[in-house]
Every structure is written in C-alpha cells, then in structure tokens.
Amino acid sequence: MLTAILCVLGLIAGAAHGEIEAFFGALAGLAAGLWVSARTAARERAVQERLRELDDKTRWLYEALKARPAAAAGKEATSAAPEDAATPAATEAPPAVAPAVVAPAAVSTQAAPLDALHAEGTRVAARPQPSAAERDDITRPLATLWSRLMGSNPLARIGVIVLFFGVASALRLAAQAGWLPPGLRLAAAVATGAAMIGFGLRLPGDGPRRMFALAIQGGGFALLYLAVYFALARYGFIGPAPAFLLFAALGVACAVAAARQSSQVLALLGLSGAFVAPMLASSGQGQYVVLFSYYLLLDAFIIALSWRRAWRALIFAGFLFTFAVGAGWGLRSYVADDYLVVQGFLIAFFVLFTATHVAQTVLRAPGAAGWQSGSLLFGPPLAAGVLQAALVQPYEYGAAISAALAGVYYLGLAGLLRHRAPDEVLTFRAHAGIGAALLTLAVPLAFDLQMTAAIYAVEGAAALWYGCARASRLTLWAGAALQVAAGFWLAASLDTLTVAWPLLNGRTLGCLLLAGAALSSVRVLRQTGAGADWLPKALTLWLAGWWLFGGLADIDDFVPHDLQPAIALLFGVASAAFAEQQGRARDFITARALAALTLPILWAGSLLAWDQHGHLLYGAMALALPLAWATHLWALRRQDEDGAALLNTARHVATAWTLLLSVGIEAGSWLADWLPGQDLWGWLAWIAVWLTAGRALQSALSADGENADVWPWAAAPEAYARTVLWPVAGLLLLTVVALQFGHDGGSALPYLPLASALDLASMAALLWLARSRLLPRPLVGAAGLLWVSALAARGVHHLAGVAWSAAAMFQSTLLQATLSLTWALTALALMVYATRSGARTLWFAGFALLAAVGAKMLMIDLAGAGTVEWTGSLLGIGALILIASYVAPVPPGTLPDEEDSR
C-alpha cells in the first residue's frame, strides 16, 4: 500500500506542473515505493531468520539435556568398562550434533508448535535446508519486489484505490452537470463510505480475507473525508469549525480501527485518502488557510497514532504529503501578503515533525522506534529549510536569522535528549550536529550565500553520517547526492553572490562549507567502512576542488597583483602539506596523491611569476619559492620512505629537471639584468648549471661514492643516471659546441686567450666530459678540437682585428697560420701525454692531427706562400715535429689492451 501512496503522491506533485510531469511523478513514486517495500521485506526476513535460529538453538539445548540422563543410565548399566574410563572431555563436552532420540513419531519443526516439539517422546525432524538455487530465488530482488507488490490480496488494494478515484470523479462530474442536488450527492457518498466501513468490520479478522476487510474500511474512511471536504469547500453546507470536528472524528475513528486491528495498512489507506481529498475537491479559489489547517490536523492525528505504534511508513507518508502539497501550493499561488500566515503554518509543521521524535524518545513512548529513520530526522529540516529560503528571500538577513533560530532550537532538543535520555547517544549527536551546523550556516547566509546550497551541504553531510551509523544505504547515498546538489547550486549562483570582503563572503564561505561537509563525510566513510570503496576518494577530490577554488578566487580578487603568485603558491603547497600529513596519519592514499601535486603547483607558481616579472625569485617569491621547494621535497621523501606508489620515480626525474631549468632560467635572467647587452653570461650560466649538476649526479651515483645511499639519489639511481645524468652531459656538450660557433667571447671583461670566461668554462666542461666517459670519447675529442680552433679565431679577432665572420676568417692568412700552429701544438701535447701514459690510440690521434696540419698547409696555407705568417708557421711546425719525435716516440705495442685504450 505504501507503493500506491507514493505513486499517488508523485502523481499529485507532478500534476502541479503538467501532464507529462504527472506521469513521471507517478513513475518516481512507484519506484520509491517498490524500493521501500523491498527494504521492509528484507528486514522482516532477517528478523524471521534470527527467530528461527534462536528456536533451533533452544530445541538443540532441550534435546541435549534430555539425552544426557539416558546416556548416564546406559553407562551405569554397562559393566564391561570401569567407571573412571571416561575422560572429563567425554562427559562434559556437549555433542556437536543433537543426538537422535528414538520416538514413535516425528514432528516437523515448521508445522508443530514449540511445546509439541519439546514433548516427551517426540523426535525432531531436521528442517530441510534450501538449495543454492532456492536461496537465490528467495533473495532475488525482482522476485521480492513483485511479492511485496502483489502479495496480501492485491486486488483489494487496487480496487479500493480505483473506487476512491471513481467516486471522487463522479462527484465532480455530478457537480459540474447539476444532475443531483448537492445534499443527495453527499448523502450517497456518506452512505457508501459508512457501508464499506461496516462491511469491513463485520468480516473475519483473521485469515485470507483480512487484507480485503482492511482495504474496504480504508476506502470507506477516505470517502467520508471526501464528503466532508466537499461539504465544506464546494457547497458550504458546513463551516470550518464543524468540518474540522468531523475531520477529527473521522481521524480518531480511523486511528482506533487501525489500532484495534493492528493494521498500518488501514491507517495508510484512510489517512492517505484524507490527504488526497482536498486536491481532488479543489475549486481553485485558494483557501489555503483551510487547507493547511486541515493538514495540520491530519498530521496531529498521525502523531497521536504513532505514540503507541511504530508505524514509520504512516509517519513518512504524512510528512511527504504535507511538504509536497505545501511546496506545490507555494509555487502556484503564494503572494507576499500571505507571508505571516504561511510562515506560521511552516513553523507549526516543522515543530510537529521534529519535536515529536525527541518527545517520544524522552518519554519512552512505545512508538518511538518508528521515528528512528534518517529520512524523518533530516527530511523535515531540509524540506522546511528550502521552503523557508523561498519565504524569506525578500528580507536581507532572513535566511541568516532563520538558520540561527533553527540551530538554537536543535541545540535545545539535543540538550533535552542529553539530560532526559542519556542512552540515546546517536540521536543526541544527530540533533547536536544539525544545531551546530545551522548556527555555522548563519554566518555565510548573512553574506549572501544561497541558503539552498548551504542547507544541502550540511544536511548531506549529516545524512551521510547518520546513514553510516544506522547502516542505511539509502540515507548514505542521499547525503552524498545532497552534497553534489549543493555544489551545483552554488556554482549556478556564483554570478549573483556579492564578494565584498576577503574570506567573509558568500562564495568563499560556501566553498569552505562544501569542503568541510565533504571532509566530514570522508572521515565517517573511512571510519565505518560503509558505502562504495570509491566514494571516499571521489569526495576527497570534491573537497579539494572546492577548497582550492575558494582560496584561489579570493587571492585573485583581494591580493595585490604583484603578490598573487607568491600567495597562491604558498596556499597551494600548504594545502598539499596538510593533505600529506592527514593522508599519512590516517593511511589514506588519496590524500597523499593530492600532496603529490606539489610539483604541478610549483610549475604554476613559477610560470605566474615569470609571466609577471620575468623572474622566478622576485619580491615575495624569493621567500615563497624556496618554501614551496622544501615542502615538495619533504612530501616526496616521506612518500619514498613509506613506499607509496605515486609515480615516485617519474616525480624524481621531473623534480630534477624542474630544478635545473629553474636555476638556469633565473641565473640567466639576473645576469641579463646586471650586465645588459652581454648575452654570453646567460649561456655561461647554463654551462655552469649542466656542469655542476653532472658532477654532483656522477659523484652521487657512483658505486663507491659517499652519497650512494643518500636520498634522493638512492630512491631511483637508474632513473637519475638514464634520464638526468646522460641528457645533462649531452646538453653540456651541445652548449659548448654552440658557443664555439656562435659567440666571439666578448664580455664586459678584457679578452685574454685561455683566460676569458668562455674559454675557462669550455675547458672545464670538456675536461669533465672527457673524464666522466659518459659520452663517446671521439665525440668529446672533436668538440675539443673545435674549441681549440675557435680559440685561435677569437684570438685573431680580438688581438688582430679580423672581422668575426666566416668569410673574413677564411681569407685571413694570420688565422690560417695560427690554426696550423695551434693544431700542431695540440697534436704535440696529445702525443706527449699518450707516450707517458702508454695510450697508443691517443698517440695516433695526435699523429693524425699533425698529418691534418700538413694537409692543410699544402691545400690552404700554400696560397699565402712567401708571407711572414706562412714562413713563421712553417718554422714553428717544423720545430714542433722535431720536438715530438724526441719527447713523444710511439708507445710500445705490448701494453695490455685496457691501457692502450686509455
């Protein structure tokens, strides 16, 4: 019957908006009713199963106790075994299976009463256990829903509903056509209703016709309600006072009949008809005072009936009818002149559905269990809050005052529970939490935060907590959905919010409210283990998004433009540090994954600073960026120590490259500011970065190095070697080579060959590359020869005034002679070193360079024959060759291969 009631309720709520909405409303009500019915059936099956289990244990204990005297008598009669042969374990331990007792007849445990089962000489037949297929059939959800919908004489339910709507339609048609006098129409309706009630009461109270009798009675009461309402609202035969007396009498009669027959269904049938009657008989004249007074009286009947009966479905139906009809009327007919009356009715309904729960709990009413539902605890403040938001919208601080008063009211209820019902801890916490949340809401509501979003967020967190505590999946998921709805509502209303003060504005407080509600929900979900595994992770991302959005939006609106990058960076890394601390303390990997975003936060902050100032360390960023780096490295090291699999290796590599690029960019920028027009220093800064990083990495990653086991190198040594060290060496070589071609070595300092900044940096880089053996030695040797050649060219350019261009350099006989002498001197140095170290390969490389000098003199330098430069180069080269033949003979070929290859 609850399914039918919810279906009708959905139909009515949808009809307020149109025919299609009415259809979908009825469909939604049907789905909700089927779901609630399925849950009720599941609870009933669980109770029955526990009762059966208790019955089995009682029966087993009885049979075990009855069998022990017989076993003792048999033991005394047996003389073959001594008295002390039995061990204590054998005499004291109960049998694993109840012993079979010989009996003339077997009694089924499913058909016999308990006293018959325990009678002397009765053998208990084992209860047949259902097979796996049967258990699946029993628990199949669709079968359960169908059983609940069609069980207990469904034709009676359907027939009464159809009859009720038919009579109502007939009365309306008769009124429109004027077929019968109004008094005769009402008399016919009253006679029909009374006859149905009398006939239902005379039917047997037990047996298969019980549901039919209850349905007939409920339909009769509904027709009487309809007749009274027509007499009041349509025909004016009676005034409001007599009508309410009749309504009260009908309500009392229906309640008494339902209580005497212990039938919640009868109460639902009768009172649901009473709720629907005003809408079916509506004349469209807007007599809302009569309507709401009538509903208030009906709700009072329900409250009185629920004092002794834990009929949760009846209470929930009254709540749904009341607020659904009230919301529908407000959307269609409310005007500002109705405020005081409507406000009074709303407060009355709110107090009725909130104070009753506490009163029944404190006074230990028999029906208090009917109110133990998350829907009845959080539904009234949610529904009343949404309606109140619409009512007080014209008043500037109406929402804030309403939230404050409601918070004080709920705290008062919580105090009453604490002092009068101290054992109801969960109920006390729920009321105290709602009160504290509503008081908290008063502050953001006073700063233009949309009340609906605020209520949704707080109620959603509270409902999720209550659903976890009560193991109610419906309440849990409803709480999560309410938080999502609050987020969408706030996002839709951002353009309308006034942002006048930092932090104390509707947008920021709304974001904090959403984030706080999500944080509370995540903690509850992880503590209780309720809900899906992905729900705490999703809510964590949800709260992080709102937290960051609220903070960054305020930074953008209120922080001076120059300070925005630094403040935003500090806000981001502080949030990440909090996430890391909470994630490690609570073993929550999702929070630690958010902390792993410190590197993207560093990227964003650095890009903002670079875009604004052309520097990374400028102004407040000189403090913020080192703090951000320290936080990032702190979080990365903690996660390495804990073995958190959060792409740590990739983060190490990205961290190294981010640091190198940041240092190189910042050093080049400051050098460009200090030495304007001297671009060489920026390139030399990159050489210094690559060289320093390469030397440090190679030293740290060496097997015999002092830092081999030191973090961060020990965390990912292979990745550092493969993706950082070798690329750094390659970039260093490319930078050196590019400078030899592209720069003349001029700087703010006087140029001195071999002592210039470019030459010193190039020598240091090439020496480390040669010793590190990270790159092929011929490649490094070719780069060294290029540097020697460029050294000669720069010397000719700066000391002899030859233009720095390819054409001028090639045509200069001085450069050609200098190159020949320089190459020959380099070859001599290589050969001397090779002879002393026994490296035959290196010696032949020097010899090849000498041969190249000779070829160059024949093909290029010969064009300048007879000149002073050509003559000087010949003399110098000849002297060098003679010196080489003396001091650098060919090393012997008997050396080991490894020495020869050095």
Side-chain angles (χ1 to χ4, degrees), residues 1 4-5 8 12 156-157 159-175 180-203 212-261 263-283 287 290-291 293-302 304-305 314 317-318 321-322 325:
M1 180 46 61
I5 292 172
V8 173
I12 295 169
R157 303 183 184 187
V160 169
I161 294 173
V162 173
L163 178 63
F164 174 77
F165 280 100
V167 172
S169 179
L171 289 175
R172 175 172 293 192
L173 289 175
L180 296 174
L184 187 58
R185 302 171 200 161
L186 295 179
V190 171
T192 303
M196 292 175 65
I197 295 172
F199 180 70
L201 289 173
R202 292 181 62 85
L203 288 176
F212 177 77
L214 295 175
I216 290 295
Q217 296 174 57
F221 278 110
L223 287 178
L224 293 180
Y225 273 115
L226 189 64
V228 174
Y229 192 83
F230 264 92
L232 168 67
R234 178 61 63 90
Y235 304 119
F237 289 163
I238 56 177
F244 285 154
L245 290 175
L246 289 174
F247 286 143
L250 288 174
V252 170
C254 183
V256 170
R260 289 182 61 185
Q261 301 173 77
S263 174
Q264 182 176 196
V265 175
L266 176 59
L268 279 172
L269 283 170
L271 293 178
S272 297
F275 275 107
V276 176
M279 289 172 282
L280 295 176
S282 175
S283 61
Q287 298 176 344
V290 176
L291 176 66
S293 300
Y294 169 64
Y295 271 17
L296 191 61
L297 187 61
L298 286 180
D299 288 331
F301 289 156
I302 292 176
L305 187 60
L314 181 64
F321 273 117
T322 300
V325 173

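One finds the CG atom of Asp299 at 3.5 Å from the OG1 atom of Thr322 (value rounded to the nearest 0.5 Å). For the atom pair CG of Leu296 and CG of Leu291, the computed distance is 11.0 Å after rounding to the nearest 0.5 Å.
Around atom CZ of Phe237, more than 12 heavy atoms belonging to other residues, nucleotides or ligands sit under 6.0 Å away.
Nearest heavy atoms, Met196 versus Gly220: CE-N, 3.7 Å. When all heavy atoms are compared, the tightest approach of Leu186 to Ala231 is CD1-CB, 3.6 Å. In terms of heavy-atom proximity, Tyr295 sits nearest to Phe321 at CE2-O, 4.0 Å.
Inter-residue side-chain proximity for Ile238 and Val228 is flagged as met; some heavy-atom pair is nearer than 4.5 Å.
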